[in-house]
Enquirer: 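Dropping the structure in here first, questions after.
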Amino acid sequence: MNILICGVGGRMGREVALLALDGCRGAVPVAGFDVIPVDTREFPSYTDWNAVRETPDCIVDFSNHVGTAAMLDFAEARGIPVVIATTGHTEAGLARISRAAERIPVFHSANMSVGIALLAELAQQTVKAFPDAEIEIVEKHHDRKLDAPSGTALMLAEAIRKIRTRAKLVLGRSGQGKRDPEEIGIHAIRMGNIVGDHEIIIGTDSQTITLRHEAHSRTLFAEGALAAAAYLVRQPAGLYRMQDLLQTAR
């Protein structure tokens, strides 16, 4: 499986490149792309989509959401599946991803960790069992992360809202007044070099259940992205999520 790594100069792009050069999931990096020149040595890297000569089997995108549309234009023109791991997309950006999925296979997840996908499923099961519980989400990341709350925290909240359909999101909490029982509070912490920590607290008057996932290194996200690519290249056009990948493991 030949891949092009979009955002190859970033931390996650480099992680994907290292794993692919080791043959993880049968991936072979044949090209890279970034907005600034990157010396990748083992394969060519480009700063202009019009200059890319290779046609990979899949694009793995760990760049920035502002470049998603241009990357999708390239992928659609050549019929290339795309794994999108960027966060911070606007409504217009999400709509662009959905339109692309009508023509090519697109795998989109705010978090490429299989463990996070399992965490979302466990949260749904717990909320079903405790329909009157109050729910809070606490996420922690390094101090260089640009978006808050994290895309993963929002993804977990949306998974819970599929069960608690009347729930509304509250980002942080301030002021006065009693907590609305239908709230899902989301709290963002930014400090140090925390890779990623997501905790879901589900509590009633008599008990509290805490579900937590901690990322020890960024390698797990690269592994998940390559697993998604290996899955995606066998699929028809459509929009795919981590839950779809999990189904293949059952």
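One is the number of the first residue; the rest follow in order along the sequence.
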Enquirer: Please tell me if the side chains of Val30 and Val28 come closer than 4.5 Å, counting only heavy atoms from C-beta onward.
Expert: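 Yes, close enough: below the 4.5 Å cut-off.
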Enquirer: Once you round to the nearest 0.5 Å, how far does CG of Leu156 lie from CG of Leu211?
Expert: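 Between Leu156 CG and Leu211 CG, I get 10.0 Å after rounding to 0.5 Å.
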Enquirer: Using 0.5 Å steps for rounding, measure from the CD atom of Gln235 to the CG atom of Leu245.
Expert: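 These two atoms lie 9.5 Å from each other.
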Enquirer: Quick check for you: to the nearest 0.5 Å, what is the distance between Phe43 atom CZ and Ile5 atom CD1?
Expert: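 Here the rounded value is 4.5 Å.
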Enquirer: With a 4.5 Å limit on heavy-atom distance, are the side chains of Phe74 and Ile59 in contact?
Expert: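 Yes, their side chains come closer than 4.5 Å.
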Enquirer: Given 3.5 Å as the limit, does a donor-acceptor pair link the side chain of Ser113 with the main chain of Gly115, or not?
Expert: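 At least one qualifying donor-acceptor pair exists.
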Enquirer: Name the one of Ile116, Ile137, Thr87 that satisfies side chain to side chain contact (heavy atoms under 4.5 Å, CB included) with Thr152?
Expert: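 When Ile116, Ile137, Thr87 are each tested with Thr152, the side chain to side chain contact (heavy atoms under 4.5 Å, CB included) holds only for Ile116.
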Enquirer: Is Asp205 atom CG crowded by more than 12 heavy atoms from other residues, nucleotides or ligands, each under 6.0 Å away?
Expert: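 It does not: Asp205 CG has 12 such atoms or fewer within range.
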Enquirer: I'd like to know if the side chain of Ser98 and the backbone of Leu94 have a donor-acceptor N/O pair within less than 3.5 Å.
Expert: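 Here the side-chain-to-backbone pair exists.
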Enquirer: Is there a path of hydrophobic side-chain contacts, each under 4.5 Å between heavy atoms of I/L/V/M/F/W/Y residues, joining Ile186 to Val127?
Expert: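 Yes; Ile186 is reachable from Val127 via cluster members.
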Enquirer: Can you find a side-chain donor-acceptor pair between Asn111 and Ser109 that sits under 3.5 Å?
Expert: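 No, because no side-chain N or O of Asn111 sits under 3.5 Å from a partner of the opposite role on Ser109.
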Enquirer: Output the distance between atom OG1 (Thr68) and atom CG (Asp61), rounded to the nearest 0.5 Å.
Expert: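 Rounded to the nearest 0.5 Å, the OG1-CG separation comes to 5.5 Å.
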Enquirer: Thinking salt bridges, do Glu182 and Lys168 make one under a 4.0 Å N-O criterion?
Expert: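 Salt bridge: no.
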Enquirer: Determine, stepwise, if the pair Ile84 / Ile97 fulfils side-chain contact (heavy atoms from CB on, under 4.5 Å).
Expert: CA-CA 9 Å; Ile84 300 176; Ile97 291 171; 3.9 Å; yes
Enquirer: Taking the basic N atoms (NZ, or NE/NH1/NH2) and the acidic carboxylate oxygens, is any pair closer than 4.0 Å for Arg179 and Glu136?
Expert: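 Between Glu136 and Arg179 there is a salt bridge, with a charged N closer than 4.0 Å to a carboxylate O.
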Enquirer: Set out, in order, the CA-CA distance, both residues' side-chain angles and the distance that settles side-chain contact (heavy atoms from CB on, under 4.5 Å) for Ile36 and Thr47, then state yes or no.
Expert: CA-CA 6 Å; Ile36 59 175; Thr47 58; 5.7 Å; no
Enquirer: Classify the side-chain pair Gln247/Tyr231 by whether it contains a donor and acceptor separated by less than 3.5 Å.
Expert: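 No, no side-chain donor-acceptor contact under 3.5 Å.
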Enquirer: Begin from the C-alpha positions of Arg190 and His142 and carry the test side-chain contact (heavy atoms from CB on, under 4.5 Å) through to its verdict.
Expert: CA-CA 5 Å; Arg190 297 289 176 268; His142 53 84; over 6 Å; no
Enquirer: Does the side chain of Arg96 come within less than 4.5 Å of Leu72's, by heavy atoms?
Expert: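 Side-chain contact under 4.5 Å: yes.
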Enquirer: Would you call Arg11 and Arg144 a side-chain contact if the rule is heavy atoms closer than 4.5 Å?
Expert: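 In short, these two side chains touch, coming nearer than 4.5 Å.
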Enquirer: Looking at every heavy atom in both Ala123 and Ile202, which two are closest together, and how far apart are they?
Expert: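 Taking Ala123 first and Ile202 second, the nearest heavy atoms are O-CD1, 4.3 Å.
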Enquirer: Report yes if some heavy atom in the side chain of Met112 is under 4.5 Å from a heavy atom in the side chain of Phe107; otherwise report no.
Expert: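 A side-chain contact exists here, since the closest heavy-atom pair is under 4.5 Å.
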Enquirer: Are the side chain of Asp34 and the backbone of Gly9 linked by a donor-acceptor contact shorter than 3.5 Å?
Expert: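 Judged by distance alone, yes, a pair lies under 3.5 Å.
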Enquirer: Within the 4.5 Å heavy-atom criterion, are Pro81 and Ile104 side-chain neighbours or not?
Expert: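 Of all side-chain heavy-atom pairs linking Ile104 with Pro81, none is under 4.5 Å.
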Enquirer: Which pair of heavy atoms, one from Leu171 and one from Pro149, lies closest together, and at what distance?
Expert: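 The pair with the smallest heavy-atom distance is CD2-CG, 3.9 Å.
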Enquirer: Does a salt bridge link Glu158 with Arg161, judged by any charged N lying under 4.0 Å from a carboxylate O?
Expert: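 Yes, Glu158 and Arg161 are salt-bridged.
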Enquirer: May I ask you to test the Ile209-Phe130 pair for a side-chain heavy-atom distance under 4.5 Å?
Expert: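 Yes; the side chains approach each other to less than 4.5 Å.
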Enquirer: Can we say Lys145 and Asp147 salt-bridge, meaning some charged N sits less than 4.0 Å from an Asp/Glu carboxylate O?
Expert: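 Looking at Lys145 and Asp147, the cut-off is met.
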Enquirer: Going by salt bridge (charged side-chain N to carboxylate O under 4.0 Å, His left out), Glu183 matches just one of Arg164, Arg173, Lys178, Arg166. Which one?
Expert: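 It is Arg173; the other options fail the test.
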Enquirer: Could you report the tightest heavy-atom contact between Ala225 and Val60, atom names first, then the distance?
Expert: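 For Ala225 and Val60, the tightest heavy-atom pair comes out as CB-CG1, 3.9 Å.
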Enquirer: Before giving the answer on salt bridge (charged side-chain N to carboxylate O under 4.0 Å, His left out), spell out for Glu223 and Arg218 the whole-Å C-alpha distance, their side-chain angles and the decisive distance to 0.1 Å.
Expert: CA-CA 9 Å; Glu223 290 171 342; Arg218 293 174 178 82; over 6 Å; no
Enquirer: Apply side-chain contact (heavy atoms from CB on, under 4.5 Å) to residues Met12 and Phe221 and explain how you reach the verdict.
Expert: CA-CA 8 Å; Met12 284 310 310; Phe221 306 121; 3.6 Å; yes
Enquirer: Side chain of Thr165, backbone of Lys162: donor and acceptor closer than 3.5 Å?
Expert: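 No, Thr165 side chain to Lys162 backbone: no donor-acceptor pair under 3.5 Å.
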Enquirer: Whether the Thr90 and His65 side chains hold a donor-acceptor pair (N or O, under 3.5 Å, no angle test) is what I'd like checked.
Expert: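 Checked: Thr90/His65 side chains show no N/O donor-acceptor pair below 3.5 Å.
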Enquirer: Roughly how far apart are Cys58 SG and Ile80 CD1, rounded to 0.5 Å?
Expert: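 Output value for this atom pair is 9.0 Å.
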Enquirer: Taking Ile160's backbone N and O only, do any of them form a donor-acceptor pair with Gln124's side chain (distance below 3.5 Å, no angle check)?
Expert: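 No; zero donor-acceptor contacts below 3.5 Å.
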Enquirer: If I take atom CZ from residue Phe33 and atom OH from residue Tyr46, how far apart are they, to the nearest 0.5 angstrom?
Expert: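 The OH atom of Tyr46 is 11.5 Å from CZ of Phe33, to the nearest 0.5 Å.
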